[in-house]
There are 2 protein chains.
Amino acid sequence: MKKTYSTQEIEKRLSEAGVQPTLQRIAIGQYVLCDADHPTAEDVLAWAEKKLMKISQATVYNTLNTLVEAGLARPFRFPHSDKVVYDSNLMDHFHFLDEKSGQVYDIAMEDIEIKVEMPKKYKIKSLDVVIKGEIKN
Amino acid sequence: MKKTYSTQEIEKRLSEAGVQPTLQRIAIGQYVLCDADHPTAEDVLAWAEKKLMKISQATVYNTLNTLVEAGLARPFRFPHSDKVVYDSNLMDHFHFLDEKSGQVYDIAMEDIEIKVEMPKKYKIKSLDVVIKGEIKN
DNA sequence: TCTAATATTAGAATAATTCTAAACTTAGAA
DNA sequence: TTCTAAGTTTAGAATTATTCTAATATTAGA
Ligand SMILES: [Mn+2]
Ligand SMILES: [Mn+2]
Ligand SMILES: [Zn+2]
Ligand SMILES: [Zn+2]
């Protein structure tokens with residue numbers, strides 16, 4: 001469901017976005033853009049520690065901000081948590097939040113039909129939809 | 001546009017919600033439920049200071065949480081800020097966020113037509129819609 | 001009036017994130 | 001291949017929003 005990039009491709013994406021591809025940025029980039037799903041800074045740090053990568057907390061935050069500024073990820077806040085979540089899905093899409101687990105799922109725009117009728121003076125730039133509920137299976 | 005309640009009515013609303021109507025709660029209740037529009041804890045504190053009311057920061061936070069627990073207000077987080085915003089509009093409604101000013105406007109559900117088509121296993125409990133943009137006039 | 005329950009408060013604590021300034025790495029010029 | 005300037009990483013301090021602690025004050029009702 002998620003695109004996979006080789007280390008070389010990640011490096012290329014960083015370079016092309018004007019970001020110097022350091023070891024830390026490539027590693028975090030690979031995790032955030034390919035492997036993880038809506039991770040927080042804390043998630044990235046935990047993953048780095050598990051892999052014995054000794055990347056500092058400051059670098060995790062710096063790199064996440066760099067990825068956002070470079071347009072490679074987008075930050076979101078959800079109602080259940082005060083941590084910022086990083087989204088590598090650059091398509092326009094919405095979110096389903098499983099209130100039980102706190103897990104966030106992407107919803108393709110095709111699955112939602114939305115029509116906004118508003119007075120002309122409201123100039124719409126973007127739309128965030130968060131559906132809260134539970135997944136039963 | 002916003003319902004006004006007298007001090008007595010606020011007191012009654014608190015009591016009926018099982019909340020002891022202390023002086024501080026009545027004052028904050030009146031501000032949050034009638035006068036203010038999507039205020040933050042900081043806004044409430046600033047208003048209290050302006051009115052020379054000496055209500056402590058802890059009481060502001062306690063009271064806002066009490067109002068939420070009593071079902072008299074709802075907390076929201078918006079993308080532009082990490083402060084919780086308290087909403088006294090208990091109807092189902094959406095939000096327009098003016099990116100210039102940070103001001104939040106209510107959008108009646110009638111102004112938006114939304115139809116969600118999702119696999120049966122997603123049990124929807126609620127829906128948050130935030131429209132970001134600018135108000136030009 | 002007394003008392004137990006509840007609310008308020010100042011200040012300490014916590015949690016997420018940013019800042020600071022020193023050490024390290026890198027890219028590219030010489 | 002140096003050398004150097006620009007850019008990056010880092011530990012730890014700072015900042016911000018919010019919660020906790022535990023002492024004091026208020027309240028409702030017997
Ligand atoms: Mn996570
Ligand atoms: Mn505000
Ligand atoms: Zn997403
Ligand atoms: Zn609202």
Side-chain angles (χ1 to χ4, degrees), chain A residues 10-12 14-29 31-32 38-49 51-70 72-86 102, chain B residues 7 10-12 14-32 38-49 51-70 72-86 102:
Chain A
I10 289 286
E11 198 171 332
K12 190 150 161 289
L14 291 171
S15 289
E16 282 173 352
V19 173
Q20 214 175 275
T22 63
L23 276 158
Q24 292 88 337
R25 284 170 175 173
I26 292 165
I28 294 174
Y31 180 64
V32 172
H38 302 99
T40 62
E42 196 190 28
D43 291 335
V44 175
L45 201 52
W47 156 86
E49 270 160 22
K51 292 198 74 188
L52 307 171
M53 288 188 69
K54 66 176 186 337
I55 295 175
S56 74
Q57 179 176 251
T59 297
V60 168
Y61 278 102
N62 289 345
T63 301
L64 289 168
N65 287 332
T66 299
L67 292 176
V68 169
E69 275 148 36
L72 299 173
R74 283 184 299 167
F76 281 100
R77 270 171 217 280
F78 292 102
H80 69 301
S81 156
D82 50 3
K83 289 173 192 151
V84 173
V85 146
Y86 294 85
Chain B
T7 303
I10 289 286
E11 197 171 330
K12 190 152 160 288
L14 290 171
S15 290
E16 280 172 353
V19 173
Q20 216 175 276
T22 63
L23 276 158
Q24 292 88 336
R25 283 171 175 173
I26 292 166
I28 294 174
Q30 185 129 243
Y31 181 64
V32 172
H38 301 100
T40 61
E42 196 190 28
D43 292 335
V44 175
L45 202 51
W47 156 86
E49 269 160 24
K51 292 198 74 187
L52 307 171
M53 288 188 68
K54 65 174 191 331
I55 296 175
S56 74
Q57 178 176 250
T59 296
V60 168
Y61 278 102
N62 288 344
T63 300
L64 289 169
N65 287 333
T66 299
L67 291 176
V68 169
E69 275 149 36
L72 300 173
R74 283 184 299 167
F76 281 100
R77 267 172 218 282
F78 293 102
H80 67 302
S81 156
D82 52 0
K83 288 172 192 152
V84 173
V85 145
Y86 294 86

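Just so we're on the same page: letters track the sequence lines, and every chain starts at 1.
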Trainee: Tell me: CD of Gln24(A) to C1' of dC24(C), nearest whole Å?
Mentor: 10 Å

Trainee: Tell me: CG of Leu45(A) to P of dA15(C), nearest whole Å?
Mentor: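 So the CG-P distance, Leu45(A) to dA15(C), works out to 15 Å.
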
Trainee: Picking from dA17(D), dT8(C), dT9(C), which would you name as closest to the side chain of Ala58(B)?
Mentor: dT9(C)

Trainee: I need the CE-C1' distance between Met53(B) and dT9(C), as an integer number of Å.
Mentor: 15 Å

Trainee: Of the nucleotides dC20(D), dT18(D), dT9(D), which one has an atom closest to the side chain of Gln57(B)?
Mentor: dT18(D)

Trainee: Report the nucleotide, chosen from dT17(C), dT9(C), dT10(D), that has the shortest atom-to-atom distance to any side-chain atom of Ala41(A).
Mentor: dT17(C)

Trainee: For Met53(A) and Ala27(A), work out which heavy atoms get closest and say how close.
Mentor: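 Nearest pair, atom of Met53(A) first, then Ala27(A): CE-CB, 3.3 Å.
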
Trainee: Within the side chain of Arg25(B), is there an N or O that forms a donor-acceptor pair under 3.5 Å with the backbone of Gln20(B)?
Mentor: yes

Trainee: Consider the side chain of Gln20(A), meaning its heavy atoms from C-beta on, and name the nucleotide among dT26(C), dA7(C), dT9(D) that approaches it most closely.
Mentor: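 Nearest listed nucleotide: dT26(C).
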
Trainee: Between Thr22(B) and Tyr86(B), which is nearer to the 5' end of DNA chain D once each is assigned its nearest nucleotide?
Mentor: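 Going by which nucleotide is closer to the 5' end, it is Tyr86(B).
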
Trainee: Roughly how many Å is it from CG in Asp43(B) to C1' in dT16(D), rounded to a whole number?
Mentor: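 Distance, rounded to whole Å: 15 Å.
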
Trainee: Please verify the inter-ring angle class for His80(A) with Phe78(A); under 30° counts as parallel, over 60° as perpendicular, anything in between as tilted.
Mentor: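 If you compare the ring of His80(A) with that of Phe78(A), the planes turn out tilted.
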
Trainee: On DNA chain D, does the nearest nucleotide to Asp82(A) precede the nearest nucleotide to Thr63(A) from the 5' side, or the other way round? Give the residue.
Mentor: Thr63(A)

Trainee: According to a strict under-4.0 Å criterion, is Tyr61(A) in side-chain N/O contact with OP1 or OP2 of dT18(C)?
Mentor: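 Checking dT18(C) against Tyr61(A), no side-chain N or O comes under 4.0 Å of OP1 or OP2.
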
Trainee: Separation of Ile26(B) atom CD1 from dT6(C) atom P, in whole Å?
Mentor: 18 Å

Trainee: Rounded to whole Å, how long is the line connecting atom NZ of Lys54(A) with atom P of dT8(D)?
Mentor: 19 Å

Trainee: From the list dT8(C), dA17(D), dA16(C), which nucleotide is the closest neighbour of the side chain of Lys83(B)?
Mentor: dA17(D)

Trainee: From C-beta outward on Ile55(A), which listed nucleotide comes closest to its side chain: dT9(C), dT19(D), dT10(D)?
Mentor: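 Comparing dT9(C), dT19(D), dT10(D) against the side chain of Ile55(A), the answer is dT10(D).
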
Trainee: Check the phosphate of dT10(D) against Ser56(A), side-chain N and O only, distance under 4.0 Å to OP1 or OP2. Yes or no?
Mentor: yes

Trainee: Does dT9(D) have its OP1 or OP2 closer than 4.0 Å to a side-chain nitrogen or oxygen of Arg25(A)?
Mentor: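 For dT9(D), OP1 or OP2 has a side-chain N or O of Arg25(A) closer than 4.0 Å.
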
Trainee: What's the separation between atom CG in Leu23(A) and atom OG1 in Thr59(A), rounded to the nearest 0.5 Å?
Mentor: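 Answer rounded to 0.5 Å: 11.5 Å.
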
Trainee: Rounded to whole Å, please give me the gap between CG in Leu23(B) and C1' in dT27(D).
Mentor: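 One finds 11 Å between C1' of dT27(D) and CG of Leu23(B), rounded.
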
Trainee: dT19(D) P sits how many Å from Asn65(B) CG, rounded?
Mentor: 5 Å

Trainee: For the OG1 atom of Thr66(B) and the CG atom of Leu14(B), what is their distance to the nearest 0.5 Å?
Mentor: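 Thr66(B) atom OG1 to Leu14(B) atom CG measures 9.5 Å (nearest 0.5 Å).
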
